[in-house]
Amino acid sequence: MADLSNQVENLNIDGNASSYVPPHLRNSSRRPRNDGEGSSFNNKGSFFGRGRGGGFSSNRGGRGGGSGGGFRPAGTGRWINGKHVPTERNEKLELQLFGATGDPNFQSSGINFDNYDDIPVEASGENVPEPVTEFTSPPLDELLLENIKFAHFVKPTPVQKYSIPIVANKRDLMACAQTGSGKTGGFLFPVLSESFFTGPSEIPEAARSSYMRKAFPTAVVLAPTRELATQIFDEAKKFTYRSWVRPTVVYGGSDVGSQMRDLDRGCDLLVATPGRLNDLLERGKISLAKVKYLVLDEADRMLDMGFEPQIRNIVEGCDMPGVDQRQTLMFSATFPVDIQHLARDFLSDYIFLSVGRVGSTSENITQRVLYVEDEDKKSALLDLLSASSGGLTLIFVETKRMADQLTDFLIMQNFRATAIHGDRTQSERERALGSFKTGKADLLVATAVAARGLDIPNVTHVINYDLPGDVDDYVHRIGRTGRAGNTGLATAFLNRGNKNVVKGLIEILSEANQEVPSFLNDLSRESAFGSRGGRGGGGFSNNRSFGTRDYRKQGTGSFGASRGGGGSLGGSFRGGGNSGSSWGGGRSSNWDSFGSAGGNSWW
DNA sequence: AAAAAAG
């Protein structure tokens, strides 16, 4: 690998820093479209050049065989002669990316680092690599480790403990984990670490000199919503700091031209929503031929949203390397049959990781359920809001129309409210989220677009104005508060129209030691059957805490029988006083080694 | 059923 990239790099010898010609100007008389870009590169030339003796006099100047162009934003390092050469530190940029790096109280991601050891994890598959317990180098790349520290991540979450060695051991991963389990780091850390070690892929000379520059990302991350893609991209910016890897994000709803120009500036880690990626693939703007790492985030949600054909086109219908030529990581909250099929087709001999439902037992969140008829909801809402004592309040409704209507109503009542839903333009959505995050608007009315995956700090109250049809969605929604070990309040309006969630709701409230109002029990008796009951997709009534399991364990799969009772799960770890911790035993593939989830879970 | 996502 390293030898190849050496050869590629040595093809182009471009003189020293002062006479450097960006790759996109070589062999052509084209001028940069934007003189600002050119000059800003020059300004930074000396900055980049200081790294190692002589700057980059004997390499092609760009980022090795990477997809990058001549202009590299501040903070982007390079790959020279088979070696990773990070840029020097840049205080201004660090402040931008990480906030106050010196401030120990600064928390960038809403994670309570002390509590998550109690989250139970099951790992299964052939030869599950031993999980790590700390962020260390090795196995992590040193630069990445430094960035992780800058971002104030002090300890790996359960997902990360497993995913780091799994990727390092060249294995595929199917992880059933919710938002808040440190998923993003779960794939960014190992993928970036490996990328920092191995460097960029060689890209075809023809592609470099073609009339239209083509991006050849090394890693591709697919996410269901634009906001989630943006969020992943923002994280990626932190962890790629100073490295040769340049992250890029593409999604629909915003100008494709500017996204294409951004791709021209370098695209090593691509975060994308499926629609826009397909668009850019059709335009020939992106090639997947050099993809080493493929990540599908919230895969179940992407299938729910009907993305399967688009995802299959991306993975199977273009020039993406086959299952054995890439590493694939899939994340999904649930593991229904269609995801199992996807896993079977996209993954090879994967490790199956099931992370316990974090947060359903969280006592950080006070949950209240009020019986409110539809026509009384507005006034009930006003009551709640008048009792509110500052902080941000997130209000969930079921329809886009209701989101607009309710927002108008609240504004009429002199509340600082804004709305986020799929019928708003992308810039409206971004502005809404922005003003909510900064507190300019302290009420955000949202549809399902904001239910999962979005990390908004400081939400003190989540109101389910309309309850979702699915209790899992409820859990996700209330999880927007009570983050980072803070306390939060969750209020739900319920009436006879919500019968289908009554049972599940009772279960969740009881698990979290919350008061179960008597009308809920009454309703539950009324609809003794016909409801979807609890949660967890698999019908593992004796262990519903995981709702997900490795289906390969059933029947006579390659390792089904070898596990000794692989088909029958032990009793619920939630109620039982099991001994041992998730990690302490070190037996990563032992079904019985999980401690009690006992209320210390985090979101 | 609604929402999301490519226009």
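Numbered from 1 within each chain, the chains take letters A, B, ... in sequence-line order.
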Return the value, rounded to whole Å, for the distance between atom [atom1] of [X] and atom [atom2] of [N].
X        : N     : atom1 : atom2 : answer
A/Met305 : B/dA4 : CE    : P     : 8 Å
A/Met302 : B/dA4 : CE    : P     : 17 Å
A/Asn278 : B/dA4 : CG    : P     : 20 Å
A/Glu398 : B/dA4 : CD    : P     : 11 Å
A/Arg424 : B/dA3 : CZ    : P     : 15 Å
A/Ile286 : B/dA6 : CD1   : C1'   : 14 Å

N/O (side chain, [X]) to phosphate O (OP1/OP2, [N]) under 4.0 Å:
X        : N     : answer
A/Thr225 : B/dA5 : no
A/Thr447 : B/dA4 : yes
A/Arg301 : B/dA4 : no
A/Arg429 : B/dA5 : yes

Can you list, pair by pair, the side-chain donor-acceptor contacts under 3.5 Å of residues 394-403 of chain A, counting residues two or more places apart and other chains?
residue  : atom : partner  : partner atom : Å
A/Glu398 : OE1  : A/Arg477 : NH2          : 2.7
A/Thr399 : OG1  : A/Met402 : N            : 3.0
A/Lys400 : NZ   : A/Asp423 : OD1          : 3.1

Is the ring pair A/Phe352/A/Phe335 parallel, tilted or perpendicular, if the boundaries are 30 and 60 degrees? tilted
Check A/Asp522 with A/Arg525, please: is the shortest side-chain N to carboxylate O separation under 4.0 Å? yes
Counting side-chain heavy atoms from C-beta on, which of B/dA1, B/dA5, B/dA3 comes nearest to A/Glu227? B/dA5
Output the single nucleotide from B/dA4, B/dA6, B/dA1 whose closest atom is nearest the side chain of A/His421. B/dA4
Touch class at under 4.0 angstrom, heavy-atom based, for A/Gly253 against every strand present: sugar-phosphate
Pick base, sugar-phosphate or nothing for A/Arg283, based on heavy-atom distances below 4.0 Å to the nucleic acid. nothing
Shortest non-hydrogen contact between A/Pro468 and A/Val501, atoms and distance: O-CG1, 3.2 Å
Taking only residues two or more places apart in sequence, or in another chain, which ones meet A/Arg431 in a salt bridge (Lys or Arg N to Asp or Glu O under 4.0 Å)? none
